[in-house]
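Each remark here refers to the structure printed beneath this line.
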Amino acid sequence: MNYVPGTASLIDDIDKKHLVLLRDGRTLIGYLRSIDQFANLVFHQTVERIHVGRKFGDIPRGIFIVRGENVVLLGEIDVDKPCDTVLQQVSIEEILEEQRLQQQAKQETEKVKMQVLKDRGLSIPKADNLDEY
């Protein structure tokens with residue numbers, strides 16, 4: 001196999017099952033159907049996989065277009081390899097509730113950290129204010 005630079009190297013991966021990790025933290029699994037020179041991807045039969053602890057749930061998304069600049073990681077899934085995971089698959093409703101509880105706990109932890117810093121006379125600028133500098 002010859003080396004092909006850039007996104008052209010993904011042409012051999014079309015019609016194979018892939019996992020893609022996006023900049024916003026979402027994980028998508030689907031069949032790669034198309035790619036362009038900007039690494040924009042089109043997936044078919046896509047599911048969004050949500051992980052919370054040792055549980056996961058898949059939300060069907062159908063056809064999904066991903067802008068190339070949002071891709072952090074792209075990898076082929078070996079469908080012939082047996083799955084030996086310790087994760088437990090749960091329903092969509094259950095994983096969304098688990099995710100909501102995890103996010104609430106994280107927000108509470110952040111609130112406590114901010115209060116401790118404030119009590120010590122320190123402050124951290126909010127992320128949306130960082131763009132102004």
Side-chain angles (χ1 to χ4, degrees):
M1 183 171 132
N2 294 331
Y3 173 74
V4 180
T7 58
S9 63
L10 291 173
I11 290 175
D12 293 336
D13 289 340
I14 289 180
D15 294 335
K16 294 181 181 174
K17 195 169 190 177
H18 284 75
L19 177 141
V20 62
L21 179 63
L22 303 179
R23 275 194 326 183
D24 64 2
R26 289 187 290 171
T27 303
L28 302 174
I29 299 173
Y31 291 92
L32 181 64
R33 295 298 185 201
S34 181
I35 187 162
D36 66 8
Q37 70 270 25
F38 303 108
N40 297 321
L41 308 171
V42 177
F43 288 96
H44 182 243
Q45 295 179 356
T46 309
V47 295
E48 179 179 349
R49 180 158 289 176
I50 298 174
H51 297 90
V52 178
R54 293 190 175 263
K55 297 179 182 177
F56 75 93
D58 290 339
I59 302 172
R61 297 293 188 198
I63 295 177
F64 208 95
I65 300 172
V66 179
R67 189 175 170 121
E69 66 183 19
N70 292 321
V71 175
V72 173
L73 178 128
L74 175 71
E76 183 181 346
I77 296 176
D78 188 356
V79 292
D80 296 330
K81 184 177 180 184
C83 182
D84 56 352
T85 182
V86 295
L87 298 177
Q88 172 190 4
Q89 185 168 5
V90 296
S91 69
I92 295 170
E93 294 80 17
E94 186 176 343
I95 198 65
L96 290 174
E97 179 64 18
E98 293 275 340
Q99 184 183 41
R100 187 183 65 77
L101 292 173
Q102 182 186 46
Q103 289 172 346
Q104 281 181 345
K106 187 175 181 180
Q107 287 175 351
E108 289 297 322
T109 303
E110 286 298 315
K111 194 182 288 186
V112 169
K113 285 181 187 178
M114 293 301 287
Q115 186 60 43
V116 168
L117 289 173
K118 186 178 178 183
D119 292 346
R120 295 181 181 178
L122 301 170
S123 67
I124 297 176
K126 296 200 183 300
D128 56 343
N129 293 342
L130 295 176
D131 291 337
E132 296 175 5
Y133 300 107

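Since we're looking at a predicted model, the values are computed, not measured.
Follow the hydrophobic side-chain contacts under 4.5 Å out from Phe38 and you never reach Val66; the two are in separate clusters. There is no path of hydrophobic side-chain contacts, each under 4.5 Å, that joins Ile95 to Ile29. Under a hydrophobic-cluster definition in which Ile, Leu, Val, Met, Phe, Trp and Tyr are linked whenever side-chain heavy atoms come within less than 4.5 Å, directly or via other members, Ile77 and Val72 are assigned to the same cluster. A continuous path of ILVMFWY side-chain contacts below 4.5 Å connects Val52 to Leu96, so both sit in one hydrophobic cluster. Under the 4.5 Å side-chain heavy-atom criterion for Ile, Leu, Val, Met, Phe, Trp and Tyr, Ile14 and Phe64 are members of the same hydrophobic cluster.
For CZ of Arg67, the number of neighbouring non-hydrogen atoms (other residues, nucleotides, ligands) closer than 6.0 Å is 12 at most.
Rounding to the nearest 0.5 Å places OG of Ser91 at 11.5 Å from CG of Asp58. Considering OG1 of Thr27 and CG of Asp24, their distance stands at 9.0 Å, rounded to 0.5 Å. The distance from the CD atom of Glu48 to the CZ atom of Arg26 is 5.5 Å, given to the nearest 0.5 Å. For the atom pair Ile50 CD1 and Gln102 CD, the distance stands at 10.5 Å (nearest 0.5 Å). Rounding to the nearest 0.5 Å gives a distance of 11.0 Å between CD of Glu94 and CD of Gln89. If you take CG on Asn70 and CG on Leu21, they are separated by 11.0 Å, rounding to the nearest 0.5 Å.
Looking at heavy atoms from C-beta onward, Arg100 lies in side-chain contact with Glu97 at the 4.5 angstrom threshold. Proximity of Gln115 to Asp119: side-chain heavy atoms (C-beta onward) are separated by under 4.5 Å at one or more points. Between Asp78 and Glu76 the shortest side-chain heavy-atom distance does not fall below 4.5 Å. At a threshold of 4.5 Å between non-hydrogen side-chain atoms, the residues Leu74 and Leu41 count as touching. Looking at Leu32 and Phe43, their side chains come closer than 4.5 Å, going by heavy atoms from C-beta outward. Residues Lys106 and Gln103 have side chains not in contact (no heavy-atom distance under 4.5 Å, counting atoms from C-beta outward).
Of all the heavy atoms in Asn40 and Gly68, the pair that sits closest is OD1-N, 2.8 Å. Residues Pro60 and Ile92 approach most closely at CD-CD1, 3.9 Å, considering heavy atoms. Of all the heavy atoms in Lys55 and Leu87, the pair that sits closest is N-CD2, 4.4 Å.
When each of Leu22, Val20, Leu19 is tested with Leu73 by the rule side-chain contact (heavy atoms from CB on, under 4.5 Å), just one qualifies, namely Leu19.
Taking a 4.5 Å side-chain heavy-atom cut-off between Ile, Leu, Val, Met, Phe, Trp and Tyr, the cluster of Ile63 extends to Val42, Ile65.
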